[in-house]
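Both counts, for ligands and for their atoms, begin at 1 and track the order of listing.
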Amino acid sequence: MTDCLFCKMANGEIKPDVVYENEQLLAFRDLNPQAPVHILVIPKRHIATLNELTGDDDALLGSLSRAAAKIAADEGLAERGYRTLINCNADGGQTVFHIHLHLLGGRSMGWPPG
Ligand code: 5GP
Ligand code: ZN
């Protein structure tokens with residue numbers, strides 16, 4: 001996807017503040033952090049929303065969650081806790097249409113979310 005912000009990060013055209021990378025995934029700090037730690041974990045392959053996932057993506061989504069847990073541990077959040085979430089479409093608050101998992105931590109999270 002030539003026109004996608006997160007694809008441009010995945011292919012190196014735009015360089016975010018990367019905290020973790022492997023063959024399939026990239027993780028970088030959010031430009032507008034909503035917590036002391038706010039990191040986005042994305043698949044390098046373009047998938048617009050959760051609605052486009054297929055069974056072929058099951059392992060990829062597992063990897064996304066495991067990468068988030070590893071990054072949380074690296075950031076010193078594992079014991080006190082943190083939140084992960086994926087927004088989908090308008091009501092979910094999605095603004096960038098390339099799947100990304102938010103990792104938020106470093107403060108106590110409220111519930112229910114806004
Ligand atoms: P969404 O609302 O789609 O779930 O989350 C999109 C996230 O991407 C937002 O938290 C927003 O701050 C972040 N974001 C948007 N543009 C950029 C950018 O250019 N660089 C980085 N690092 N984050 C961005
Ligand atoms: Zn994309």
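By the 4.0 Å N-to-carboxylate-O rule, K44 lies too far from E23 to be salt-bridged with it. Between K70 and E75 there is no salt bridge, since none of the side-chain N atoms of the basic residue sits less than 4.0 Å from a carboxylate O of the acidic one.
Under 4.0 Å from ligand 1, the heavy atoms of N87 that appear belong solely to its side chain. Neither the backbone nor the side chain of I14 has any atom closer than 4.0 Å to an atom of ligand 1 (non-hydrogen atoms only). With a heavy-atom cut-off of 4.0 Å, L5 touches ligand 1 through its side chain alone.
Considering only non-hydrogen protein atoms, atom 3 (O) of ligand 1 sits nearest to T95 N, 2.7 Å. For atom 11 (C) of ligand 1, the closest non-hydrogen atom of the protein is D30 OD1, 3.4 Å. Atom 20 (N) of ligand 1 has M9 CE, 3.4 Å as its closest protein atom, hydrogens excluded (heavy atom only). Among protein heavy atoms, the minimum distance from atom 24 (C) of ligand 1 is reached at L31 CB, 3.7 Å.
Between N11 atom CG and H46 atom NE2 the span is 12.5 Å, to the nearest 0.5 Å. Note that CD1 of I86 is 7.5 Å distant from OG1 of T84, once rounded to the nearest 0.5 Å. Taking CD1 of I71 as the start and CG of L25 as the end, the distance is 8.5 Å to the nearest 0.5 Å. Once rounded to the nearest 0.5 Å, the distance linking CD1 of I99 with CG of L50 reads 4.5 Å. Between N51 atom CG and N89 atom CG the span is 5.5 Å, to the nearest 0.5 Å.
In H46, the N, O or S atom that comes nearest to the Zn ion (ligand 2) is ND1. Shortest distance from the Zn ion (ligand 2) to H98 is reached at ND1 (N/O/S atoms only).
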Using distance only, find each side-chain donor-acceptor pair of residues 100-114 under 3.5 Å and give its atom names and separation, not counting sequence neighbours.
residue : atom : partner : partner atom : Å
H100    : ND1  : H98     : O            : 2.7
H102    : ND1  : H38     : NE2          : 2.8
R107    : NE   : Q34     : O            : 3.2
R107    : NH2  : Q34     : O            : 2.7

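Inclusion of R29 in the set of residues having an N or O under 3.5 Å from an N or O of ligand 1 is warranted. Where the criterion is an N or O separation shorter than 3.5 Å, residue side chain and backbone included, Q94 fails it with respect to ligand 1. Residue G93 has at least one N or O atom closer than 3.5 Å to an N or O atom of ligand 1.
Per-residue contacts place H102 under 4.0 angstrom from the following atoms of ligand 1 (heavy atoms of the residue considered): 1 (P), 4 (O), 5 (O), 10 (O). Near F28, with a cut-off below 4.0 Å to any heavy atom, the atoms of ligand 1 are 22 (N). Which parts of ligand 1 touch N32 is read off a 4.0 Å heavy-atom cut-off, strictly below it: atoms 12 (O). Using a 4.0 Å cut-off to heavy atoms of F6, the atoms of ligand 1 that qualify are 8 (O). For ligand 1, the atoms closer than 4.0 angstrom to any heavy atom of H100 are 1 (P), 3 (O), 4 (O), 5 (O), 6 (C).
The Zn ion (ligand 2) forms the vertex of an angle spanning SG of C4 and SG of C7; to the nearest 10 degrees it equals 120°.
At least one donor-acceptor pair closer than 3.5 Å links the side chain of Q94 to the backbone N or O of A48.
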Worksheet item: Would I47 and L60 count as a side-chain contact (heavy atoms from CB on, under 4.5 Å) if you check the C-alpha gap in whole Å, the side-chain angles of each, and the deciding distance to 0.1 Å?
Response: CA-CA 11 Å; I47 304 170; L60 182 65; 3.8 Å; yes
Item to complete: Could you walk me through whether F6 and L26 pass the side-chain contact (heavy atoms from CB on, under 4.5 Å) test, one step at a time?
Response: CA-CA 9 Å; F6 288 176; L26 184 70; over 6 Å; no
